[in-house]
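Here is the structure we will look at, set down as structure tokens.
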Amino acid sequence: MSCYRGKYSDELIANAAYIGTPGKGILAADESTGTIGKRLSSINVENVESNRRALRELLFTTPGALQYLSGVILFEETLYQKTAAGKPFVDVMKEGGVLPGIKVDKGTVELAGTNGETTTQGLDGLAQRCQQYYAAGARFAKWRAVLKIGPNEPSQLAINDNANGLARYAIICQENGLVPIVEPEILVDGPHDIAKCADVTERVLAACYKALNDHHVLLEGTLLKPNMVTPGSDSPKVAPEVVAEYTVRALQRTMPPAVPAVVFLSGGQSEEEATVNLNAMNKLKAKKPWSLSFSFGRALQQSTLKAWSGKEENIGKAQAAFLTRCKANSEATLGTYKGSSSLSEGASESLHVKDYKY
Amino acid sequence: MACSSFVKLNAASSSWIAGHHSVNHRTGSAARFPTRRADELVKTAKSIASPGRGILAIDESNATCGKRLGSIGLDNTETNRQAYRQLLLTTPGLGDYISGAILFEETLYQSTTDGNKFVDCLRDQNIVPGIKVDKGLVPLPGSNNESWCQGLDGLASRSAEYYKQGARFAKWRTVVSIPCGPSALAVKEAAWGLARYAAISQDNGLVPIVEPEILLDGDHPIERTLQVAEQVWSEVFYYLAENNVTFEGILLKPSMVTPGAEHKEKASPDTIANYTLTMLKRRVPPAVPGIMFLSGGQSEVEATLNLNAMNQSPNPWHVSFSYARALQNTVLKTWQGRPENIEAAQKSLLVRAKANSLAQLGKYSAEGESEEAKKGMFVKGYTY
């Protein structure tokens, strides 16, 4: 057997392809309890279950939004939550043609002997957890590996260990019916230029695909969630067309056509930046045998959060802001986004937090 | 391989090794370590990977060419080798279907009887001259009777010389045997040798054709071939990346994914196309401009039918041919070493070249093909 060909093969291939449907993308709403707490406190909302539930309900029940989404990544708590009226969130999604996904990693820990580099935990008991999540309605999973660029980073150790972790996670997911999103995020922090980011991204992705191949992962039943190739956060910005060119070239050099789609992370870009960059990639005339879409967290929710501010009377306004961003990113996957003449508050705000920790 | 781990140990990746600068810190470059002459390499690769065209492989060593000549009763002399290659390379209209020709070293320096350099004849037809640079297969110690490919010593200076003479691409053929395993050692050596050769070639202006031939020998089913092919190509691409090879400036020469020659069932062209394309999609990054298949003992018609089946819908890379026996078999038999047969022999070369050109475009039909062209050319334990 060259790669996974078990009872879930056909389903994995179909679901991965569906997520990459042009015009659709992923809402990453899988902030851990701690992280969502930071979001809520930024709008002076208490970090309690009912508020976390209320925020997610606001997003998932936005009229007209689900048509622009093929998947939503959830945190474990959310997978089992319901609307105020008692309807399970997974049912809301299924009715809207959206696949529920689940964050399955258990965060990062430092690698001894390195300069603060990390590896990601979560393999213990992963198979059983995947089975439970599948039973609860999840059809894809996500695991975030983190690498950084520095004078001596990323080290070969960090690259190898994170790639191996991603590969183990991926095959375990597939054996249990979940499409694995492979996420090797290279943080944007640093003074490096875009060429350096491209170099590192290409090396990291080459290592990831080598590991996935060694572990017999069915590539047609996976997705990639990489960073876009951009200058470091302390370096001058470049035009979206340049981001597009470097990013697409990095993927051309590393990503086999068997993988159906790329769902980019936004990694601290503002809502508008992330959309415009994705749009430029889809306008670029180049060999792109995979679809290029989004899996945005902050870049889909920022202005929504600000508009809501935890107040019920603001739900309409907040949902309107969310719909705007969903539609914009949908257009960006088709290369038809025209830019926003009147951006809502927060849409062009940089969401970069130095040395960001989930 | 020892070299590579030595480099890793000294790369300042650990805070326990103080005071080293990473070799990876380069700014402002489009590649990790900018490949010299990258633009020319990319242009050459694109020219070879042009629609409706493929490669004529005539790089048989003198010994192997001797076997070909012997099969039609000719002695293996330089004159005869020159006469045969002249017949092929001066075929009028060859450049319509052929984008590159791989030569053996002797041939690179030869001329027609009129005194025109072979490389010039090729250039005039818009055919890129290429050169075989490996030094053949030898037993791999510690393996399961497997081989490895020699040729890295002095490769840089040889490549530079070949470039001066007019070559613009190179070829290096290593093999993997399924009946022998293949062992992890043999696969690693094949992949690493190819990666080193590719980096050195690019550094000296030659587009490397990357050829890990998975031999047809064996009775294994097509699924096993797929498994081995995926393993081999995964390793090849990983080491190519480690050696900082520019993918836009290479070409691949894979074997098609078929059952072993002694397997009880033959596979149809559609099955072969399906398995082969699955393998390519799982392993070949779109940056690679062209994939030029070897024929490896298939009959002329088989090789063409299989290529045609692979081109029934658009692929992210040019999918074409680099055939030796599958282009030359009928030509040799038509020529028989007689000058009066040259024109007929050249015509028969064009027939095969045109058929494969159509196959590259997905438009070939086997109607009207001769019986000779359908004869299989598998030789068990075939050595070049």
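Only heavy atoms go into these numbers, but all of them, side chains included; no hydrogens, no water, no symmetry mates. Letters go in sequence order (proteins before strands), and every chain restarts at 1.
- Chosen from B:P286, B:P314, B:A287, B:P285, the residue pairing most often with chain A at heavy-atom distances under 4.5 Å is B:P286.
- One side chain, B:R224 or B:Q227, offers a donor N or O that lies under 3.5 Å from an acceptor on the other.
- Here the options are B:I48, B:I250, B:L251, the test is side-chain contact (heavy atoms from CB on, under 4.5 Å), and the partner is B:F169; only B:I48 passes.
- A:P180 has its side chain out of reach of A:W143: every pair of non-hydrogen atoms, C-beta onward, lies at least 4.5 Å apart.
- Heavy-atom distances place the side chain of A:L218, and not its backbone, under 4.5 Å from chain B.
- No side-chain heavy atom of B:Y238 sits under 4.5 Å from any side-chain heavy atom of A:N213.
- When heavy atoms are compared at a cutoff of 4.5 Å, B:V228 does not approach chain A at all.
- Heavy atoms of B:E235 lying under 4.5 Å from chain A belong to its backbone as well as its side chain.
- In this structure, A:Y169 contributes its side chain and A:A141 its backbone to a donor-acceptor pair below 3.5 Å.
- Heavy-atom pairs under 4.5 Å with chain A were tallied for B:R283, B:E230, B:M279; the largest tally goes to B:R283.
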